[in-house]
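Contents: one structure, followed by commentary.
Just so it is clear, the values below take in all heavy atoms, side chains as well, and ignore hydrogens, waters and symmetry mates. Keep in mind the model is a prediction, meaning the values are calculated, not measured. Just so we're on the same page: letters track the sequence lines, and every chain starts at 1.
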Amino acid sequence: MEVHRSEQEIIRRENLNKIIAVGIDPFPAEMYPYNTTAKEIHANFDPAKKNFQEIIIAGRLMQKRIMGKASFAEILDTTGRIQIYITRDEICPTEDKTLYNDVFKKYLDIGDFIGIKGYAFVTQTGTLSIHVTELKVLSKSLRPLPIVKKDADGKVHDAFTDPEQRYRMRYVDLVVNPQVKEVFIKRSKILSSMRAFFDAKGWLEVETPVLQRIHGGAAARPFATHHNTLDMPIFLRIANELYLKRLIVGGFEGVYEIGKMFRNEGMDRTHNPEFTSMEIYVAYKDYIWMMEMVEQCLEYIALEVNGKTIVEYGGKVIDFAGPYPRMSMYESIEKYTGVNISEMEEEEMRKLCKKLHIEIDPTMGRGKLIDEIFGAKVEANLIQPTYITDYPLEMTPLAKKHRSKEGLVERFELFVNGKEIANAYSELNDPIDQRQRFEDQLTLAKRGDDEAMVLDEDFLKSLEFGMPPTSGLGIGMDRLTMLLTGQHSIQDVLFFPQMKAETK
RNA sequence: GAUCGGUUAGCUCAGCUGGUAGAGCAACGCCCUUUUAAGGCGUGGGCCCUGGGUUCGAGCCCCAGACUGGUCACCA
């Protein structure tokens with residue numbers, strides 16, 4: 001197959017060969033013993049103290065400004081950029097000036113990895129720089145990087161902004177757009193601080209099957225695959241809830257899992273086919289206890305990640321400091337529509353939906369209708385973290401019946417910026433009730449509800465052995481990350497969002 | 001899934017009522033040499049997303065498709 005290469009790629013390959021021709025390995029195998037970073041030098045260099053006098057650093061060459069026997073350049077390491085100052089006679093102390101005249105000046109390109117030894121100093125114009133005494137080629141770059149530059153008028157050249165290119169070539173995006181790296185560093189911190197919060201409570205991080213015979217625990221279309229040796233259909237999990245509950249049956253006090261779920265559904269700004277969920281189950285607790293736990297946890301994470309509980313998101317200021325207001329689903333609907341639907345029958349509710357211009361179809365039961373009203377009239381108003389509690393029973397087959405309110409379950413969802421962030425129950429641990437709920441789901445499925453849940457016989461068996469009262473919680477980690485990092489697309493908090501194959 | 005937009009040089013984008021391509025940055029060459037996007041002069045670089053069609057002639061108009069972004073619908 002003929003490979004088309006651009007002029008710039010061809011030149012870089014020629015430069016590669018020229019480096020080899022002068023006896024330098026452009027891809028050396030041995031480690032490079034750097035002893036500091038650009039960030040450390042910027043933070044701690046003090047000319048009076050004469051520190052940073054024996055520096056070794058490594059990174060990509062990002063700019064070259066050549067002026068005869070002396071040149072300035074910039075290198076980008078894992079922490080940031082720093083200017084370097086190179087003189088010919090210092091890196092080439094003998095008669096042989098090849099390393100400077102040819103290798104540095106001609107054969108090294110933007111994006112190449114180099115290692116340098118030297119000492120820190122401040123130039124006449126006041127720029128902190130490294131005076132180079134030794135230069136080593138660490139790795140050649142064969143493709144041109146788009147180098148973002150800002151000119152004297154503040155005009156930006158070469159910005160690498162096309163979302164498609166950024167997602168498809170995230171490696172380039174990360175090199176060229178430093179703020180992207182910050183988002184992912186924060187994402188990592190969100191995960192680690194959440195783990196720290198749970199671990200401090202003594203709860204156990206566990207792993208449960210990703211490959212499942214029965215895709216239980218949620219209502220969603222799964223990815224289907226096949227196990228060759230077992231000659232058996234297998235699904236990628238859409239949830240791990242039923243497995244985590246089995247572990248509570250087994251006697252753990254608290255278990256949580258942070259992992260990928262897979263749903264074979266549409267993709268948009270807030271949905272990727274694989275996404276990261278956190279689910280936690282704690283024995284002998286209920287959903288009221290869980291609300292306090294979630295407030296503390298999110299406040300803790302916000303502080304760890306951003307140093308404050310306030311986050312600016314799309315011009316709104318959101319405060320994760322608890323406690324969060326609590327409103328029952330009926331109360332919230334009454335607040336935003338003026339109608340009390342708590343005693344309303346299904347038919348009356350259909351009329352209400354028509355009046356409110358909410359589209360419905362005949363397969364929807366009373367619970368689904370309530371959910372539709374809520375989605376259309378309430379959700380978007382819940383900007384600050386708000387708990388909505390006590391959902392209709394038929395929407396929630398895995399939650400315990402409400403202790404005092406007929407027809408409802410002990411469930412809450414946490415809404416932030418008009419979106420659901422967390423979902424929690426007092427878990428249903430009555431195996432007889434649970435079987436009935438699964439059967440009701442089957443009835444709904446026959447009525448045409450394609451989101452109805454699948455019955456898991458082994459899970460029911462585990463409940464029959466006895467599960468303590470338990471509270472469970474799920475959090476969509478990608479969406480939480482979006483909020484805490486100010487990103488508006490899930491693709492901006494995933495390194496490699498799902499993309500169609502390029503056809504070119 | 002519906003709808004509107006985008007796709008032209010390595011990157012970001014122009015391209016008029018249709019006359020087979022331009023800029024800035026990047027690259028390459030020369031000049032100058034302690035610069036701050038260093039400067040000056042010059043050069044090269046294009047399957048104009050793909051396939052059809054209309055036309056003497058298509059980057060531009062028409063049809064079909066691909067990828068992609070926004071909005072709406074559904075879901076976490």
Exercise. Out of rC67(B), rG10(B), rU12(B), which nucleotide sits closest to the side chain of Ser6(A)?
Worked result: rG10(B)

Exercise. Gln63(A) side chain N/O closer than 4.0 Å to the phosphate oxygens (OP1, OP2) of rU35(B)?
Worked result: no

Exercise. Would you call the rings of Tyr324(A) and Tyr387(A) parallel, tilted or perpendicular, where under 30° means parallel and over 60° means perpendicular?
Worked result: tilted

Problem set entry | Closest listed nucleotide, where the reference is the side chain of Tyr85(A) and the choices are rU35(B), rC11(B), rU34(B) | rU34(B)

Exercise. Does Lys245(A) pair with Asp456(A) as a salt bridge, N-O distance under 4.0 Å?
Worked result: no

For this session: Return the orientation label for the Tyr300(A) and Phe197(A) ring planes: parallel under 30°, perpendicular over 60°, tilted otherwise.
Result: tilted

Problem set entry | P-based separation of rG59(B) from rG52(B) [nearest Å] | 14 Å

For this session: Measure up the Phe184(A) and Phe495(A) rings against each other and bin them: parallel (under 30°), tilted (30 to 60°), perpendicular (over 60°).
Result: parallel

Seminar exercise, completed: Closest to the side chain of Pro146(A), out of rC11(B), rU71(B), rU68(B), is rC11(B)

Let me have the donor-acceptor pairs involving side chains of residues 59-69 of chain A, under 3.5 Å, with sequence neighbours excluded, atom names and distances please.
{"unit_1": "Arg60(A)", "atom_1": "NH1", "unit_2": "Gly111(A)", "atom_2": "O", "d": "2.9"}
{"unit_1": "Gln63(A)", "atom_1": "OE1", "unit_2": "Arg65(A)", "atom_2": "NH1", "d": "2.3"}
{"unit_1": "Lys64(A)", "atom_1": "NZ", "unit_2": "Phe104(A)", "atom_2": "O", "d": "3.0"}
{"unit_1": "Lys64(A)", "atom_1": "NZ", "unit_2": "Lys105(A)", "atom_2": "O", "d": "3.0"}
{"unit_1": "Lys64(A)", "atom_1": "NZ", "unit_2": "Leu108(A)", "atom_2": "O", "d": "2.6"}
{"unit_1": "Arg65(A)", "atom_1": "NH2", "unit_2": "Gln83(A)", "atom_2": "OE1", "d": "2.7"}

Exercise. Base, sugar-phosphate alone, or nothing: which one does Asn264(A) contact when heavy atoms must sit under 4.0 Å apart?
Worked result: nothing

For this session: Identify whether any heavy atom of Arg263(A) sits under 4.0 Å from a base atom; if not, whether one sits that close to sugar-phosphate; answer base, sugar-phosphate or nothing.
Result: base

For this session: Among rC28(B), rC11(B), rU35(B), find the nucleotide with the atom closest to the side chain of Phe160(A).
Result: rC11(B)

Problem set entry | Same-atom distance (C1') from rU50(B) to rU8(B), integer angstrom | 15 Å

Exercise. Between Tyr243(A) (side chain) and Ala239(A) (backbone), is there a donor-acceptor pair under 3.5 Å?
Worked result: no

Problem set entry | P gap between rG18(B) and rC62(B), integer Å | 11 Å

Problem set entry | Identified pairing partner of rA73(B), criterion: Watson-Crick or G-U wobble below 3.5 Å | none

Exercise. Under the 3.5 Å rule, do the base of rA73(B) and the side chain of Asp268(A) count as making a donor-acceptor pair?
Worked result: yes

For this session: Please state whether the base of rG44(B) and the side chain of Glu7(A) form at least one donor-acceptor pair under 3.5 Å?
Result: yes

Exercise. Do any side-chain nitrogens or oxygens of Gln491(A) fall under 4.0 Å of OP1 or OP2 in rG69(B)?
Worked result: yes

Seminar exercise, completed: Pairing partner of rG22(B), by Watson-Crick or G-U wobble and under 3.5 Å for both distances, is rC13(B)

Exercise. Is any side-chain N or O of Asp162(A) under 3.5 Å from a base N or O of rC11(B), one able to act as donor and the other as acceptor?
Worked result: no

For this session: Look at the side chain of Gln8(A) and the base of rG10(B), then say whether one donor and one acceptor between them are separated by less than 3.5 Å.
Result: yes

Seminar exercise, completed: Closest to the 5' end of RNA chain B, once Glu265(A) and Asn15(A) are matched to their nearest nucleotides, is Asn15(A)

Exercise. Is Thr123(A) touching bases, backbone alone, or none of the nucleic acid, heavy atoms closer than 4.0 Å?
Worked result: base

For this session: Respond yes when some side-chain nitrogen or oxygen of Arg168(A) is under 4.0 Å from OP1 or OP2 of rC67(B), and no when none is.
Result: no

For this session: Take Lys105(A) and Met267(A), find for each the nucleotide of RNA chain B with the closest heavy atom, and name the residue whose nucleotide sits nearer the 5' end.
Result: Lys105(A)

For this session: Scan Met499(A) against the nucleic acid and name what it touches under 4.0 Å (heavy atoms): base, sugar-phosphate only, or nothing.
Result: sugar-phosphate

Problem set entry | Interatomic distance at C1', rC60(B) relative to rU55(B), whole Å | 13 Å

